[in-house]
*Asks:* 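After the structure tokens below, expect a handful of questions from me.
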Amino acid sequence: VSRPAVELDGLRGEPIDVRAGEAFAASAFDCLIPADAGRLQLLLVDDGRESLVVEREVAKSPTSPPRVLVDASMIEVFDGGPKPYTTRAYPTPTSRWVIRLGRPAPLRAWHLE
């Protein structure tokens, strides 16, 4: 099972008020996804246009806590399954992120320092 390095928890800074379906600004963040979230979508919004960056199904019985890590253009999604998903996106200074979930659930997120 692949998990983020424990040391990443020490890089968490100020909490971010993140709500599913609402845009927020952060250049680097760590977001915990509820295990019952169902489908997870991460989008980048710029100039009113949405670009789908990641779409994953969160494992029904996660082997590790589902989590999204973004550091500038690098994105890692730990969906609770055995293998993480890594990709890149290229936000601009005016870009905003949106996390959508298949089922309503609270999110917890922090800026990464």
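This one's a predicted model, so the numbers in the text were calculated from it and none came from an experiment. In this chain, residues are counted from 1 in sequence order.
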*Asks:* For E22, which residues count as a side-chain hydrogen bond (donor to acceptor under 3.5 Å, both in side chains) partner, sequence neighbours excluded?
*Replies:*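 Not a single residue meets the side-chain hydrogen bond (donor to acceptor under 3.5 Å, both in side chains) criterion with E22.
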*Asks:* What residues form a side-chain hydrogen bond (donor to acceptor under 3.5 Å, both in side chains) with S73, not counting sequence neighbours?
*Replies:*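 Per chain and number, S73 pairs via side-chain hydrogen bond (donor to acceptor under 3.5 Å, both in side chains) with R88.
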*Asks:* Following the transitive rule for hydrophobic clusters with a side-chain heavy-atom cut-off under 4.5 Å over Ile, Leu, Val, Met, Phe, Trp and Tyr, establish whether V45 and L52 coincide in one cluster.
*Replies:*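 Same hydrophobic cluster.
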*Asks:* Of the non-hydrogen atoms in R96 and P93, which two are nearest, and what is the gap between them?
*Replies:*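 Taking R96 first and P93 second, the nearest heavy atoms are NH1-O, 4.0 Å.
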*Asks:* Tell me the closest heavy-atom pair linking R100 and G21, and the distance in Å.
*Replies:*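 Of all heavy-atom pairs spanning R100 and G21, the closest is CG-CA, 4.2 Å.
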*Asks:* Heavy atoms, side chains only, cut-off 4.5 Å: are C31 and I99 in contact?
*Replies:*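 Answer yes - side chains close enough.
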*Asks:* Go through V18 and F29 one step at a time and tell me if the side chain to side chain contact (heavy atoms under 4.5 Å, CB included) criterion holds.
*Replies:* CA-CA 11 Å; V18 174; F29 64 91; over 6 Å; no
*Asks:* Can you give me the closest heavy-atom contact between A20 and L107, atom names plus distance?
*Replies:*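 Closest pair (atom of A20, atom of L107, distance): N-CD1, 3.7 Å.
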*Asks:* Holding to side-chain hydrogen bond (donor to acceptor under 3.5 Å, both in side chains), I want the full list of residues that pass it with D47, two or more places apart in sequence or in another chain.
*Replies:*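 With neighbours one apart ignored, the set is empty.
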*Asks:* I want to check something: taking the side chain as every heavy atom from C-beta on, are L69 and V77 in contact at a cut-off of under 4.5 Å?
*Replies:*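 No, too far: nothing below the 4.5 Å cut-off.
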*Asks:* Taking side-chain hydrogen bond (donor to acceptor under 3.5 Å, both in side chains) as the definition, give me every residue that meets it alongside D71, ordered by chain and number, with sequence neighbours left out.
*Replies:*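 For D71 there are no side-chain hydrogen bond (donor to acceptor under 3.5 Å, both in side chains) partners, ignoring immediate neighbours.
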*Asks:* Please examine the side chains of D79 and L40, heavy atoms only from C-beta on, and report whether any two atoms are closer than 4.5 Å.
*Replies:*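 The answer is no; the side chains never approach within 4.5 Å.
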*Asks:* Any idea which heavy atoms bring A72 and V70 closest together, and the distance?
*Replies:*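 That would be O-CG1, 3.8 Å.
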*Asks:* Would you check, one step at a time, whether the test side chain to side chain contact (heavy atoms under 4.5 Å, CB included) holds for Q41 with L43?
*Replies:* CA-CA 6 Å; Q41 292 181 325; L43 301 104; 4.1 Å; yes
*Asks:* Show me the pairs that pass side-chain hydrogen bond (donor to acceptor under 3.5 Å, both in side chains) and involve residues 29-39, at least two apart or across chains.
*Replies:*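 Every pair satisfying side-chain hydrogen bond (donor to acceptor under 3.5 Å, both in side chains) with a residue in residues 29-39: R12-D30, D30-R67, R39-E57.
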*Asks:* Let me see the working for Y85 and F78 under ring pair (Phe, Tyr, Trp, His ring centres under 6.0 Å), right down to the final yes or no.
*Replies:* CA-CA 7 Å; Y85 177 77; F78 294 83; over 10 Å; no
*Asks:* Should I16 and W97 count as side-chain neighbours, where that means a heavy-atom distance under 4.5 Å?
*Replies:*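 No, their side chains stay 4.5 Å or more apart.
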*Asks:* Group every Ile, Leu, Val, Met, Phe, Trp and Tyr by side-chain heavy-atom contacts under 4.5 Å, then state whether F24 and V53 land in the same group.
*Replies:*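 Hydrophobic grouping puts F24 with V53.
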*Asks:* So which heavy atom on L44 is nearest to which on A89, and how close?
*Replies:*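 Nearest heavy atoms, L44 then A89: CD2-CB, 4.2 Å.
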*Asks:* Minimum heavy-atom separation for T63 and G81, please, with both atom names.
*Replies:*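 It is OG1-O, 3.7 Å.
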*Asks:* Can you list the steps and then say if V68 with L42 is a side chain to side chain contact (heavy atoms under 4.5 Å, CB included)?
*Replies:* CA-CA 9 Å; V68 174; L42 178 66; 4.2 Å; yes
*Asks:* With sequence neighbours left out, which residue pairs that include part of residues 101-113 fulfil the side-chain hydrogen bond (donor to acceptor under 3.5 Å, both in side chains) condition?
*Replies:*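 Listed by first then second residue: nothing to list.
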*Asks:* Under 4.5 Å between side-chain heavy atoms, hopping through other hydrophobics if needed: is there a path connecting L32 to L101?
*Replies:*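 Each belongs to a different hydrophobic cluster.
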*Asks:* Do the side chain of S2 and the main chain of K83 share a donor and acceptor less than 3.5 angstrom apart?
*Replies:*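 Pair absent, no side-chain N/O of S2 close to backbone of K83.
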